[in-house]
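What follows is a set of notes on a single structure, which appears directly below.
Note that these values count all heavy atoms, side chains included, but never hydrogens, waters or copies made by symmetry. Residue numbering restarts at 1 for every chain, and letters A, B, ... go by the order of the sequence lines.
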Amino acid sequence: MALNPQQKLAVSHVEGPMLVIAGAGSGKTKVVTSRICNLLNIGVPSSEIIALTFTNKAANEMRLRVQNQTNLQVWTSTFHALGVLILRESISHLGYDNSFTIYDAQDSLSLIQNCLVLLGQKKDRAIAKKCKMAISRSKNNLISAENFTPSSFEETEITGQVYSLYQKKLKEYGALDFDDLLYLPIALFKKEPEILASYQRRWRFLLIDEYQDTNKAQYQLIKCLAQTHQNIFTVGDPDQSIYSWRGADINNILSFEKDFPGAHVITLEENYRSTCHILNAAGGLITNNAQRYEKKLWSKQTGGEKVTIYYAQDERDEMRFIINTVMRCKENENLSFADMAIFYRTNAQSRLLEDAFLSQGIPYQIIGGVSFYERKEIKDLLAYVKVACFPSDAISFARVINLPKRGLGPSTCDKLYHAAAQSQMPILDFCIDLIHGNNSSVSLSKKQSAGVTEFVRILCLLQEKMKQNVAISDILKLAFDESGLTLSIKEDPETAQDRFANIDELLNKAISWEEERDETHSIYTFLEELSLNAQVKKEQQQALSMLTLHNSKGLEFPLCFVVGLEEDTLPHINCKDSVEGIEEERRLCYVGMTRAKRHLYLTSTSYKRIFGQSKFMTPSRFLSEIPEQYVQSNQSDFNDIEEDNEDAAIGKQVFHRDFGPGIIQRAYNTSLGLTYDIYFEDLQTTRSLVARYAKLQHGY
DNA sequence: GAGGACCGGTTTTTT
DNA sequence: ACCGGTCCTC
Ligand SMILES: Nc1ncnc2c1ncn2[C@@H]1O[C@H](COP(=O)(O)OP(=O)(O)OP(=O)(O)O)[C@@H](O)[C@H]1O
């Protein structure tokens with residue numbers, strides 16, 4: 001595939017700052033990959049190049065492409081994984097131990113909840129979540145706990161206190177949260193210029209994909225690293241900025257030219273991905289954003305089908321349309337399931353799709369979503385291993401000390417935590433001392449003492465095996481067998497089988513993980529990769545993909561659906577109170593649409609079940625913002641009223657705008673004309689409606 | 001300390 | 001409809 005002149009210009013650029021600003025499908029990622037190959041070809045050592053992508057999946061793909069083309073390995077990762085690399089090497093300069101564990105969102109939330117309770121607040125998950133958001137936002141904006149100021153009426157001084165206490169506890173537990181992985185390297189570089197200088201010498205070329213979604217911390221990190229040599233190459237599309245809620249700031253694009261004076265700016269205008277219909281439809285939508293860089297984007301691919309909008313009556317109808325379309329395209333368009341993807345706004349929307357595909361035997365895979373490693377039984381088992389690896393990790397400790405039940409309830413555990421904190425000991429080591437009688441600061445009943453002894457026995461056993469370099473899978477198996485987690489899984493017979501299967505899967509993953517790497521297989525590395533979500537998920541070859549719009553970034557498929565285009569879903573209800581919010585939702589829709597190569601289907605439903613309640617929806621404003629000439633829809637026959645004759649109508653399914661789906665039970669004439677008695681499922685009542693006025697939709 | 005009944009908020013998006 | 005939190009009883 002030949003690069004166009006603009007792409008060539010970017011790919012052959014060697015030294016100095018460069019910014020590539022270009023629309024969807026114009027080959028930005030392609031340019032990054034090609035430029036890495038070019039640098040390698042002219043002799044730059046692979047160890048001097050760092051490429052940063054938005055997801056681990058994208059990083060793996062890019063690394064593999066480069067490897068295939070040059071046979072060389074280049075460090076390609078997310079910002080967070082780069083943060084871990086830096087911190088593992090140098091965090092001791094900040095007074096942390098370099099054998100830190102990494103807390104996922106659940107762990108951080110538990111810790112924040114604990115901090116709230118310690119500060120005399122009542123236990124409340126919703127408040128803890130808000131706190132977590134505020135702390136996370138602060139870290140991503142490089143605001144320390146000392147400098148924290150409440151930024152909304154919901155946040156109080158308490159949030160600042162929680163932030164301080166939370167950081168203190170993290171340090172005490174030898175743990176970092178996700179945001180620390182960006183925040184601490186910058187703190188380190190500020191504190192120790194010599195360390196920074198060593199990284200500047202080591203990494204001479206930086207490349208950043210999806211630049212429009214970098215936040216302040218990420219920008220600061222690369223700014224530090226590129227300060228001396230200025231060899232920084234960024235590519236992005238302001239119209240695809242969809243992470244402002246995580247602190248992403250398009251102004252980083254403006255800052256780039258300011259912070260790196262003399263930066264070359266290149267634009268790419270040809271889209272190689274989509275047909276004109278799709279590109280123009282998406283382009284028409286995005287022009288509705290007022291705050292915007294105008295960009296040219298065109299495609300040579302004329303013809304093809306228009307974008308299809310399907311207005312469904314209810315969710316069942318929407319699912320039926322999707323299934324029919326999928327099967328039709330598989331038969332007639334020579335597409336495989338792997339060529340198809342469905343995007344939605346929220347993860348919850350995948351449920352109905354899953355049910356539908358399961359019932360039809362259509363193979364599917366969910367990309368992203370609730371991770372395997374977030375499942376309770378997996379987290380429980382891993383918590384045992386983590387406590388053995390990180391004896392200070394009180395969050396993992398608390399997760400499993402009484403799982404299965406060992407007669408150690410909240411108050412006993414609290415005593416242990418307090419006493420351990422008092423004596424400044426790792427919680428596990430404290431318990432070891434306690435049962436050996438080396439410490440008498442906590443008195444336990446016989447039963448409780450037996451419980452602690454049993455727990456400690458398991459962990460010491462695990463630690464011993466780890467010292468002997470026993471295989472990771474064997475450690476996990478041992479942890480599972482010794483801990484008695486079987487008992488707690490069996491407590492819920494409904495789900496037990498699935499959960500045992502998940503445990504099995506984890507063991508198998510560990511086995512193949514170890515087989516893949518020969519020497520460097522420490523259990524610590526294994527746990528770290530799991531925390532970063534960096535495991536390469538094996539893609540199913542013949543499956544249709546289902547993912548959130550956010551996860552669709554950077555991908556492409558011949559056929560795409562964007563589903564649930566209703567007001568309050570997309571745009572989402574929580575984003576509607578500001579123009580910026582709406583504009584970001586519009587960009588989200590734009591990103592989804594521009595993933596499609598040849599076929600694009602947008603669906604909207606007028607009747608939905610939400611929180612167990614029925615709700616009427618109005619079509620998303622975005623649908624009406626797409627220029628009509630690129631669209632075909634079923635809108636025209638949507639309002640058709642079929643004039644039925646009396647008896648033929650009985651038993652038919654109909655749909656009423658207000659009452660939802662129903663079945664005609666009786667048909668007769670009144671002075672107003674043809675009238676039906678209709679039983680409405682959702683209301684569980686029968687109503688008599690005049691056909692002429694009821695505007696029923698038939699035959700669905 | 002464990003287990004059950006009851007209440008209320010909940011779903012935005014991810015590394 | 002579901003999960004997490006609280007309150008109550010044993
Ligand atoms: N010069 C070219 N000739 C042919 N195909 C190309 C060329 N450049 C890129 N492509 C193809 O166009 C598609 C889109 O490229 P790429 O994913 O790099 O775009 P992008 O700008 O990163 O897209 P987005 O920002 O929407 O994720 C890919 O399939 C790529 O192989």
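- Ranked by how close their nearest DNA chain B nucleotide is to the 5' end, A/Gly407 and A/Glu585 are led by A/Gly407.
- What separates CG of A/Leu547 from P of B/dT15 is a distance of 12 Å, to the nearest Å.
- Within 4.0 Å (heavy atoms only), A/Glu491 reaches no atom of the nucleic acid at all.
- If you check B/dT13, B/dT15, C/dT6 against the side chain of A/Lys123, the one that comes closest is C/dT6.
- Distances from the side chain of A/Thr78 to the nucleotides B/dT13, B/dT15, B/dA2 place B/dT15 closest.
- Judged by distance alone, the side chains of A/Arg137 and A/Asn140 never bring a donor and an acceptor atom under 3.5 Å apart.
- In this structure, A/Asn215 does not reach the B/dT15 phosphate: none of its side-chain N or O atoms is under 4.0 Å from OP1 or OP2.
- Side-chain N/O atoms of A/Gln218 include none lying less than 4.0 angstrom from OP1 or OP2 on B/dT15.
- Heavy atoms of A/Arg125 sit under 4.0 angstrom from primed sugar atoms or phosphate atoms, though from no base atom.
- The distance between atom CG of A/Leu408 and atom P of B/dG1, rounded to the nearest whole Å, is 8 Å.
- As a whole-Å value, the separation of A/Leu352 CG from C/dA1 C1' is 13 Å.
- The side chain of A/Arg345 has B/dT13 as its nearest neighbour among B/dT11, B/dT13, B/dT15.
- A sub-4.0 Å separation between OP1 or OP2 of B/dG1 and a side-chain N or O of A/Asn402 is absent.
- Phosphate proximity of B/dT14 to A/Thr55: absent, as no side-chain N or O sits under 4.0 Å from OP1 or OP2.
- None of A/Arg375, A/Arg499, A/Arg399, A/Lys386 except one satisfies the salt bridge (charged side-chain N to carboxylate O under 4.0 Å, His left out) rule with A/Asp380; the exception is A/Arg399.
- The side chain of A/Ala348 lies closest to B/dT11 when the candidates are B/dT11, B/dT14, B/dG1.
- A/Asp124 comes within 4.0 angstrom of no nucleic acid atom, judged by non-hydrogen atoms across all strands.
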Test log, rule ring-ring contact (aromatic ring centres under 6.0 Å, His included), inputs A/Phe390 and A/Tyr524: CA-CA 10 Å; A/Phe390 310 104; A/Tyr524 292 90; 5.5 Å; yes

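- Taking atom C1' on both B/dT13 and C/dG4, the two are 23 Å apart, rounded to the nearest angstrom.
- In terms of phosphate contacts, A/Lys122 brings no side-chain nitrogen or oxygen within less than 4.0 Å of OP1 or OP2 of C/dT6.
- Aromatic stacking is not marked for A/Phe79 over B/dT15, as the cut-offs of 5.5 Å for the centres and 30° for the planes do not both hold.
- Protein atom NZ of A/Lys415 is 12 Å distant from nucleotide atom C1' of B/dG1, rounded to whole Å.
- Looking at the side chain of A/Arg246, the nearest of the listed nucleotides B/dT11, B/dT14, B/dG1 is B/dT14.
- With respect to A/Asp177 and A/Lys132, no salt bridge is recorded, no charged nitrogen being found less than 4.0 Å from a carboxylate O.
- Among the atoms of the strands shown, only primed sugar atoms or phosphate atoms (P, OP1, OP2) are found under 4.0 Å from some heavy atom of A/Lys405.
- Between the side chains of A/Gln212 and A/Glu210, at least one donor N or O sits under 3.5 Å from an acceptor N or O.
- Taking every side-chain heavy atom of A/Ser411 into account, B/dG1 is the closest of B/dG1, B/dT14, B/dT10.
- In this structure, A/Asn140 does not reach the B/dT15 phosphate: none of its side-chain N or O atoms is under 4.0 Å from OP1 or OP2.
- The side chain of A/Thr412 has B/dG1 as its nearest neighbour among B/dT14, C/dT6, B/dG1.
- A salt bridge links A/Arg345 with A/Glu585; the closest basic N to acidic carboxylate O contact falls under 4.0 Å.
- If you check every strand for non-hydrogen atoms under 4.0 Å, A/Lys553 touches nothing.
- When side chains are defined from C-beta on, A/Phe79 counts as touching A/Ile222, because their heavy atoms get closer than 4.5 Å.
- Only the C1' atoms considered, B/dT11 is 23 Å distant from C/dT6, to the nearest whole Å.
- The interatomic distance linking A/Gln448 (CD) with B/dG1 (P) rounds to 6 Å, in whole Å.
- When heavy atoms are screened at a 4.0 angstrom cut-off, A/Gln113 is found touching the sugar-phosphate backbone but no base atom.
- Between A/Gln240 atom CD and B/dT13 atom C1' there is a gap of 16 Å when expressed in whole angstrom units.
- Backbone-only contact: A/Tyr243 has heavy atoms under 4.0 Å from sugar-phosphate atoms and none from a base.
- Looking at heavy-atom distances under 4.0 Å, A/Asp179 makes no contact with the nucleic acid at all.
- Taking atom CD1 of A/Ile135 as the reference point, atom P of B/dT14 lies 21 Å away to the nearest angstrom.
- If you measure from atom CG of A/Asn347 to atom C1' of B/dT14, you get 10 Å, rounded to the nearest angstrom.
- Two residues, A/Ile573 and A/His80, neighbour DNA chain B, and the one matched to the more 5' nucleotide by heavy-atom proximity is A/Ile573.
- Geometric assessment of A/Lys553 against the ring of A/Tyr243 yields a negative cation-pi assignment under the 6.0 Å and 45° thresholds.
- At the phosphate of B/dT15, neither OP1 nor OP2 sits under 4.0 Å from any side-chain N or O atom of A/Asn56.
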